[in-house]
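Input: a single structure, listed below in structure tokens.
All values below come from the heavy atoms of this structure, side chains included, with hydrogens, waters and symmetry mates left out.
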Protein chains: 2
Amino acid sequence: MPLKADLDAIDWKILRELQGDGRMTNVELSTRVGISAPPCLRRVKRLEEAGIIRGYRALLNAPALGLDVVAFCLIGLHHQADAELRTFAERTRGWPIVRDAWMVSGESDFLLHCVASDLGAFQSFVIEELTSTPNVDTVRTALTIRRVKDEGLVSFAQP
Amino acid sequence: MPLKADLDAIDWKILRELQGDGRMTNVELSTRVGISAPPCLRRVKRLEEAGIIRGYRALLNAPALGLDVVAFCLIGLHHQADAELRTFAERTRGWPIVRDAWMVSGESDFLLHCVASDLGAFQSFVIEELTSTPNVDTVRTALTIRRVKDEGLVSFAQP
DNA sequence: GGCAACACGCAAGAATCTTGCGTGATTTTG
DNA sequence: CAAAATCACGCAAGATTCTTGCGTGTTGCC
């Protein structure tokens, strides 16, 4: 199971390319990184098995699917004991509107990335679900106007 | 160019499956959605050409790559005229630490999703880059403790 | 009732994936 | 220092998948 230290320049190129286009064929990938197809495929599989590549995902166009509202919610809880943090985290998994959620430190305890069909749906989620959840203290929302940058998760100033 | 209204149940299944595993072979996908491979591939291509599938991306394991800090920054500007918003948006694209950025409404003007190798790198980004950028008024940061939910962008209570 | 439009499934050729194997380079070991 | 071991590469071939063209059945609309 290779770690960061075991990755060479070709591995980094593979990661960069697959982050840019996760459905690229292996032959295309192999020519881009400068080796032949078989060792390239072996490297990709090793990266997958090591958990460095966590998976692949299609990126969907939310507005085209009738999902016009993307928003972030910052949640502060009254009590931050471990059990209560876990309880709230579990609850986020049951809300389909919440796509990603993070436990954070700072002024808030959780940050929720939400997608809804329209403003009404988002507002009723905030009022009927979020603020009425036990132990929820503060809810601050930030409606997104537009996405300004959209790279992958990981940057590559690395070797 | 099909819109939401033109999608049937099979299209929604395709989107769900590819959001779960963007590198699935077309024959696997076709059996999962219950049609044969050729029409399935035609549907996927139509979804891509319509812009409903925006692309595919490998998901990487940031900690395994030596990127231990994931954080969000909420930025408030002094002046929010269109030109100034564009200027700041452009600037986010030049910062490798910033992976996604959104223009938002609410208490802040921008929300930045950042990934850094360690706390020091993130702190010097905040101090030397962010707060010293002209027109930046407030910077609130939220360091992530752990990811609590990680679905794709789009939910599927849809048909 | 007939016609056009559409999507499906089959089939075949092209491309890709996948595995085994031999070679050469680097590292480890005696 | 030399021999052996390890490793990753590239080639080649069989299996799988992709991709296209075509015929058929269904649906909707004259």
Where each residue is assigned the nucleotide of DNA chain D containing its nearest heavy atom, which of Pro39(A) and Arg23(A) is assigned the position nearer the 5′ end?
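Per heavy-atom nearest nucleotide, the more 5' residue is Pro39(A).
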With sugar-phosphate meaning primed atoms plus P, OP1 and OP2, does Arg42(B) contact a base, only sugar-phosphate, or nothing at under 4.0 Å between heavy atoms?
base
Side chains of Tyr56(B) and Asp21(A) in contact at under 4.5 Å (non-hydrogen atoms)
yes
I'd like to check Thr141(A) versus Phe122(A) (side-chain heavy atoms, cut-off strictly below 4.5 Å). Are they in contact?
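Yes; the side chains approach each other to less than 4.5 Å.
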With each end axis built from five pairs of C1' atoms, what bend angle do you get for the helix from dG1(C)-dC30(D) to dG30(C)-dC1(D)? Round to 10°.
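About 30° separates the two local helix axes.
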Are more than 12 heavy atoms from other residues, nucleotides or ligands located less than 6.0 Å from atom CZ of Arg86(A)?
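Incorrect, the count does not exceed 12.
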Just the rounded figure in Å: distance from P of dC18(D) to CE of Met24(B).
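Interatomic distance, CE of Met24(B) to P of dC18(D): 11 Å.
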Could you tell me the separation between the CG atom of Leu41(A) and the P atom of dT16(D), rounded to a whole number of Å?
16 Å
Carboxylate-amine/guanidinium proximity below 4.0 Å for [X] and [Y]:
X        : Y        : result
Asp11(B) : Arg43(B) : yes
Arg46(B) : Glu49(B) : no
Glu48(A) : Lys45(A) : no

Any chance you could measure [X], atom [atom1], to [Y], atom [atom2], to the nearest 0.5 Å?
X        : Y        : atom1 : atom2 : answer
Asn26(A) : Ser36(A) : CG    : OG    : 9.0 Å
Leu47(B) : Arg42(B) : CG    : CZ    : 13.5 Å
Leu18(A) : Arg32(A) : CG    : CZ    : 10.0 Å

Nucleotide range of DNA chain C contacted by chain B, 5' to 3', under 4.0 Å to a heavy atom?
dA7(C) to dA11(C)
So if I take residues 28-38 of chain A and measure heavy-atom distances to DNA chain D, which residues fall below 4.0 Å?
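Within residues 28-38 of chain A, the residues near DNA chain D are Ile35(A), Ser36(A), Pro38(A).
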If two hydrophobic side chains count as joined below 4.5 Å and joins carry through other members, does Ile52(B) share a cluster with Leu67(A)?
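Yes: a chain of side-chain contacts under 4.5 Å links Ile52(B) to Leu67(A).
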